[in-house]
Visitor: 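First, the structure itself, so that you have it in front of you.
Counting starts at 1 for both ligands and their atoms, following the listed order.
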Amino acid sequence: MQRIHLASDHAGFDLKATLAQHLTGLGYEVIDDGAYSKDSCDYPVFAHKLCEAVERENCPGILICGTGIGISIAANKVKGIRCALCGDVFSAKATREHNDANILALGARVTGPGLALEIVKAFLETPFSNDERHIRRIKQIED
Ligand code: RB5
C-alpha cells in the first residue's frame, strides 16, 4: 500500500479532508500530519512536520494552504525537499518528470476540489523521467 502524507493550515483544512477521503478510497495509506482543526494556525509548522516525514519515509506528500505559496516556500527550505506548487495538471505531470518533486503544494483558495483531485492524480501517477539532464539539474539544486 502506497503511503502518502497530507498537511495543511486552517485555510487548507477542508481540501485536505476531501483529498484524504478520495485517496483512502483509491487505496492509499493516508497519514494526516495536521492541522487538526480550522482554528487559525501557522503553515510553516505543518510544512516542517510533513517534510521530515517525507524525508524519513521516502514517500510523497501534499501540502495545502490558502494560496499554496507560503507552505511551498517553507517546504523548500528543508534539505532534500522539492515541493512544487501546481494549479494545473500539465505542471503536476511535468514537475514529476523533470524535477522529481516529492511534495505537491495546492492553494485551497485558488484551486477548486475537482481540479485539485485531477492535479493530485497526475502528480502521484507520473514517474520521474530519469533523464540524464534532469538528474544533473536536480543535483545542481542539491549542491
Ligand atoms: C492564511 O490566511 C494564509 O496566509 C495562508 O493559508 C497561505 O495562503 C499563505 O501563503
Visitor: Would Arg56 and Glu52 pass as an ion pair if we require N to O under 4.0 Å?
Guide: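 Not counted as a salt bridge, because no side-chain N and carboxylate O are separated by less than 4.0 Å.
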Visitor: For Lys49, does its backbone N or O pair with a side-chain atom of Asp33 as donor and acceptor, under 3.5 Å?
Guide: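 Such a contact is absent between Asp33 side chain and Lys49 backbone.
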Visitor: Between His134 and Glu97, do the side chains contain an N or O donor and an N or O acceptor separated by less than 3.5 Å?
Guide: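 Their side chains do not contain a donor-acceptor pair, so the 3.5 Å distance test is not met.
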Visitor: Examine distances only and state if a side-chain atom of Asp88 and a backbone atom of Phe90 form a donor-acceptor pair shorter than 3.5 Å.
Guide: yes
Visitor: With sequence neighbours left out, write down each residue that passes salt bridge (Lys or Arg N to Asp or Glu O under 4.0 Å) with Lys121, or none if nothing qualifies.
Guide: Glu125
Visitor: Under 4.5 Å between any side-chain heavy atoms of Phe128 and Arg96, yes or no?
Guide: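 A side-chain contact under 4.5 Å exists here.
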Visitor: Which protein residues come within less than 4.0 angstrom of ligand 1, counting heavy atoms only?
Guide: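 Correct list: Asp9, His10, Ala11, Tyr43, Cys65, Gly66, Thr67, Gly70, Arg109.
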